[in-house]
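Quick notes on the structure that follows.
Below, chains carry the letters A, B, ... as their sequence lines are ordered, and counting in each starts from 1. This one's a predicted model, so the numbers in the text were calculated from it and none came from an experiment.
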Amino acid sequence: MVPLWWYIVLGVVLFVIGAAGVLIRRNILVVLMSLELLLNSVNINFIAFGHYYDDFRGQIFAIFVIAITAAEVAVALGILVALVRNKSTLKVDDVTMMKG
Amino acid sequence: MTAMEFLPVLVMVAGVVLVAGATLFVSSLLRPSNPYPEKNMPYECGMDAAGEAAAGRFRVPFFILAILLVVFDVETMFLFPWAVVLKDIGLVGYVEMFVFILLLLVGFAYAWLKGALEWEQ
Amino acid sequence: MNKWPRIMELIVAFGLIVFKVALLIAILLLLPLPLTWLERKIAGHMQQRMGPMRVGWHGLLQPVADGIKLLTKEDHIPAEADRFLFKLAPILALAPPFVVFVAIPFGETISVRGTEITLYLSNMNVALLFVFAVIGIEVFGVIFGGWAANSKYAVLGSLRTCAQMISYEIPMGFAVIGVVMLAQSMSLLDIVRAQTDVWNIVYQPVGFFVFFVAGLAEAQRIPFDLAEAEGDLGAGFHTEYSGIRFAFFMVSEYVIVLLVSVLLVILFFGGWNGILVPMPPLLWFLLKVAFFVYLFIWFRFTFPRYRYDQLMAIGWKVLLPLSMANIIITGVLLGAAAAP
Amino acid sequence: MTAAALLQSVLASLPEIVVVTGACTLLILGQFVQKRQEHFLVWASVAIVLIAALATLMLAGEVRPAYTGMFVADRFAVFFKFVFYLATVLTFLLSRKYADIEGIGSSEYYVLLLFALSGMMIMASATDLMSIYVGLELVVLCTYVLTGFLRRERRSNEAALKYVILGAVSTGIFLYGVSLVYGLTGTTQLDAMAAAVTGGPLDPGLLLAVVFIVAGLVFKVGAVPFHMWVPDVYEGAPTTITAFMSVGPKAAGFAVILRVFLNPLVAASDVWIIVAVIAVVTMALGSFVALVQDNFKRLLAYSSIAHAGFAIFGVVAGGADGIASVMLYLLIYSFMNLGIFGIVTMMRNGDFSGEVIEDYAGLAKQHPGLALLMLLYLFSLAGIPPTAGFFAKFYVLAALVERGFVMLAVIAVLLSAVAAYFYIRIVMVIYMREPERTFDPALTPLVRATLAFTAAGTIGIGLFPSWFLRLAQHSAFGG
Amino acid sequence: MGLPLLSLIVFTPAAGAAVLMFLRSDAAVRWVALGVTVLDLALCIAMLAGFDTTTHAMQFTETRQWVPAFGINYALGIDGISALFVFLTALLGSTCVLASWVAIDRKVKEFMVSLLAMEALMLGVFCALDLFLFYVFWEAMLIPMYLIIGVWGGDGRVYAAFKFFLYTLAGSVLFLVGIIVLYFNGGETFDILALTAQDLPFGVQSWLFFAFLVAFAVKVPMVPVHTWLPHAHVQAPTAGSIILAGVLLKMGAYGFLRFSLPMLPDASVYFSTLMLSLSALAIVYGGLLALAQDDLKKLVAYSSISHMGFVTMGLFALNLRGLEGGILQMFNHGVTTGALFLFVGLIYERTHTRSIADYGGMMKAAPVYTAFLALFILSSMALPGTNSFVGELLVLSGGFSANLAVGAAAVLGALLGAAYLLGMYGKVALGPASVSARFKIRDVNAREIAAILSLTVFVLWVGLYPKPFLNIIDASAKHLLAQVHGEESGP
């Protein structure tokens, strides 16, 4: 059996990579991908814990997270399309107009 | 055992990649390589390439489609487990999923009415 | 000290898996050869001509010649291409259909020298989901290939293909749900076992229809082969591919045709369950699959190609509502059947 | 779950069901609405909210747990739901004309607001981290889209994109905390969570988990360190949506924070120190940065951050009074903030944006009535008696002092004195400058009604806070 | 007691303000405003007529529940200390209306509304018997005062208004925390009398003392936090200055009287030396600054700081003479300095300059004006026979018995006062007639004389026959002193 803490470590690593990606990368699509990574680290946690407790809640939560994240990404892409149509760039820095 | 169920998957992936790699390797030994700029130009029915290839990447209908896919794919994710246990959870489960599908149908109907499914404007 | 037998057992099991995998890969890799020959032959005969005749008896060796040609042809990469993605894409397109076959059962067991050997690699409890999940990866090969080439035809082709595949994936997924409801399992083995008495086609005609049409589209077969519509897109997403990399795309396409046929048989036509004529289950299975493969080829030379907007309209406006209605009605009927 | 339980649950969540059903119906019906008939959308939306309010009132009598402990309809939820109804209805009323001017008067606008409303209602009633999450996402998804509703406007796109990305990060952090809590306690239900660890010493892991959850929630109310979206989003979003977001989702965020903090598990931990720091820093940042803003919406954004900080002080205070004080604060804040945003919305007419503070120079000369209203809202936001804003602050301070956090109270009032500076700066611009242009506010009857209502609330609660105070206290105990 | 007299007094101006909102003509607005303030003054006189000088107990009390959850009541009542100030406020109210009759020529309605609102709130402050209510009135005053300074003030009005607002707000928010702390330490009540009866531990007392000190010291203003005052006074319109000097400054001192001394007696005694020193500092420093001014209004403003120093010195001398003197001096200062601002305003209306150097020879141009000015200057210098003499004498004798050095400093301050006031008078009234050369000065008219006379009466009355006023104060002051020193006194 794979011990529980392996999963947790995996989750932490994914979380950190995701967070770092969001903070460091400047391409919006990459940022969105990093976000997915972030949220998937959560899923791994949920499923690992659910398995550990032999409880279905963890899996349900993970499914909810996947579903809702999908919606979120859909919205994000929609907004991105609107933005790109107004100004064709995918760089985070190019987007910024408001400051202060 | 879960491991025994998914081990073959691993083996299969390894096998396919191996075979593909081997084929590529063999091919690379056999084939000629003689590139020159004209040959390396993207194919455009023999004409010189005009404009950016990426221009087509942001056609909105594709995005709408992607978004719709996401919505319905996720619905499928809920439907599969539900379908497996439907007989056990009975009427309540059926009603709940019915509500769920209904909500999705509303979204679907909206997209339809809104013209998101029309490919040509 | 009964550790050794246990390890031996594991090694044997693993060896069996490797053997099965190797066999599967071999079959699947070689199958396109006869299939291309068959397709051209059938096409020829349907169109009152002979088809390939030169290489070998009735052109039987034609595919081999083609293969050699592809293997030795120059592999050309456009100047502005993303080389890594360009090289990755064919493998990404090739692998998924093969991997899916891991979950496909060809029968229960056969007995070889007293040992029972299962006719499947793995009996996953979520096999159906696995199938859809892995097939979904196919899209990446297509889109990477088209994108990386950095050519207009390729980009457009890949976008179209991608859109088409994801559009038809949805009704396909929905169509299967009725089957799962009947079998109460996502294991393909269980699904086939549930059809021992009555094939699903009886209960799920609508599901079958949707799955079949969607399957045609997923396999990019006429009348839905918009992606590589030679007339308007060069050759679609693999316009810029040549040589062995192009061959990978071809092989993948044929394996998908086979896969869809197999799935149709397993999900709706009772798998290896025979009717009337007693025959070995495996034979039943292969015959049914062959029938569907033939059907696919037959269609290719019968129907005209749809326009792209028609293609989308069929997927979203016809198949999707049909499949959703199918789920709801199946649920009601199941409930009615269960009610005392 | 049996059919009977399902029926009970449906009954308990009737208001939510009304709103969702109404929104769905409107979504479809909206496609058949002709041009020039958009008032139908407004009235239909308002009617839906009113029906939901009626249902809420009818069910307010008793505590109804529902959906196997994931949801509860109690007085606490009812109080918050009414704040949401208030915010939503007033936003609808404000929107009619504004949407015309900006060209965003489609049915989706109203439908999204209704869905956001339903999400907030779920948040208020949720007693399981999962339902909290679902409600939360429902709200933010709608507000993401609404923020970017001015599709042709770069600022709007940009605001929405920033909002989505930062929102998703905060959701991720929140979820990570939830997953840790689940891992440590084996449940996601707020009640069961506490039961799972009673007795034992508080696990540092659990504290970490709670910190993550708090961090995620803090984003929704726009407090430090997740405040950076607020100014951009407030500036970029359509003004009506800004008004809505500054009140509704923020209140919903607080509802969840309070629910989590009602939980003895969290209340027993030392997490209040972190929250206190958040409160102080939030308020300081909001107050000081607002001092240098020129854009009115941006200024109000920082003001809203500052107010969130003040309300968090109430959370720090904890206890029944602390909870009630936050609730009352949010109610009062809804009135005054919707009022001020109502005026900002209304000023948008023709080529006049009404977004720059200087635009308001000399408003008092030409529209003494409007100027007086702004004066009222601004002084209320600053917390000067006899307006309601004062009583709101007073109650929070009282709760703080009652629990012995005198120093925090002192910090809070000093920072609110700083905040008062930028409010009266606007008063200065309105009253003490000569007008440079003629104003042409879009004063429709609906806007008038909104302003009158918010003004009545702002001054009325200020003069007669007793009833509202009792209501808040009563509701805080209803948990 | 059927008639809620105090409520009437407090809300008459408020009602008047509401009525004003519906009037259209400026003339009507002025007359109604005047009518309202005079009516209010009449009510106050009626109140004083019915005032029982033999008791320190609160009179004319009325109580209604307001926020029962916090035990907050709408409670009004007056004793000897507040009675004088209620009267003073009403008196200055009508003076203000008269003073701004022509000085305010734009947005008259808004101005009068603000003025009346201001009056109502000030009256409320002096009448409130509930700490919360007190605070509401106290804090709400900021709004109309801010507008009065900021909208109708001079060129630097915006800055002045800001400074005024922020200083007082910063002071009073701490006061708010203090109130809440007091509430929880004092038996969960906001009733001022009940809180007075509490015996708080010294630690709490001293913290509260400083919390209150900040609020009150800003209002008084005491020296380190006085810098808002010159700006506010200089920029405010005449009426604003009169209110500021006449009433608003008294509120700080009133706060000491009403809260710091009786509620926090131990701390008050303990910190009295500090307070006395600060007072002495204010007296001398204010006087010196006034001496250096060449702007009329600034001079009067700094003189206010000095004079308020006398008041706080009297209060924190913590003996009867000092206390009574301080209270009386508050009243006197309201009358005298109010009048001085009025004079400055009157002359400013005519010449539009406040620089002392621009004036001279006013005696010739406006003899009546100059004569009255002389009277008030003398009053401000505390010449025998004027009101301030009585007050200042009491304060000084109280101050000397409390602390010799402080008393000496106060005497020095009094001398400084004589210097700058006489100097100013000399430059303005006597000397070459430079003013009439440049401006056409007309003497005061009947309306202005009416305003001046109403104040003159009290200058002379208190100066010549202070007994009725001291009578009003006496019982309450004695009781207060007993509270401070921890003794129970009879009713």
Can you tell me how far CZ of D/F391 sits from CD1 of E/I72, rounded to the nearest 0.5 angstrom?
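Between E/I72 CD1 and D/F391 CZ, I get 5.0 Å after rounding to 0.5 Å.
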Atom group of D/R433 that falls short of 4.5 Å from chain E, counting heavy atoms
neither
Quick check on D/F379 against chain E: is it the side chain, the backbone, both or neither that has a heavy atom closer than 4.5 Å?
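It is the side chain, since no backbone atom gets that close.
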Which label fits E/F190 and D/F394: parallel for a plane angle under 30°, tilted from 30 to 60°, or perpendicular past 60°?
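Rings of E/F190 and D/F394: tilted, as their planes differ by 30° to 60°.
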Name the region of [X], side chain, backbone, both or neither, that has any atom closer than 4.5 Å to a heavy atom of chain D.
X      : value
E/E110 : side chain
E/L176 : side chain
E/Y146 : both

Please report the shortest heavy-atom distance between [X] and [Y], naming the atom on each side.
X      : Y      : result
D/M432 : E/R157 : O-NH2, 3.3 Å
D/A420 : E/L169 : CB-CD2, 3.1 Å
D/P465 : E/W66  : CD-NE1, 3.8 Å
D/L469 : E/A69  : CD2-CB, 3.4 Å

Carefully, step by step, assess E/F162 and D/Y421 under the rule ring pair (Phe, Tyr, Trp, His ring centres under 6.0 Å).
CA-CA 8 Å; E/F162 257 93; D/Y421 176 86; 4.8 Å; yes
Which of the residues D/A417, D/G462, D/A398 is involved in the greatest number of heavy-atom pairs with chain E at under 4.5 angstrom?
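Most heavy-atom pairs within the cutoff with chain E belong to D/A398.
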For the residue pair D/V406 and E/F184, establish whether any side-chain heavy-atom pair is separated by less than 4.5 Å.
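They are not in side-chain contact.
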After noting the C-alpha distance and the side-chain angles of D/L400 and E/V177, does the key distance pass the side-chain contact (heavy atoms from CB on, under 4.5 Å) rule?
CA-CA 10 Å; D/L400 268 181; E/V177 177; over 6 Å; no
Are D/F390 and E/F132 near enough that their ring centres are under 6.0 Å apart?
yes
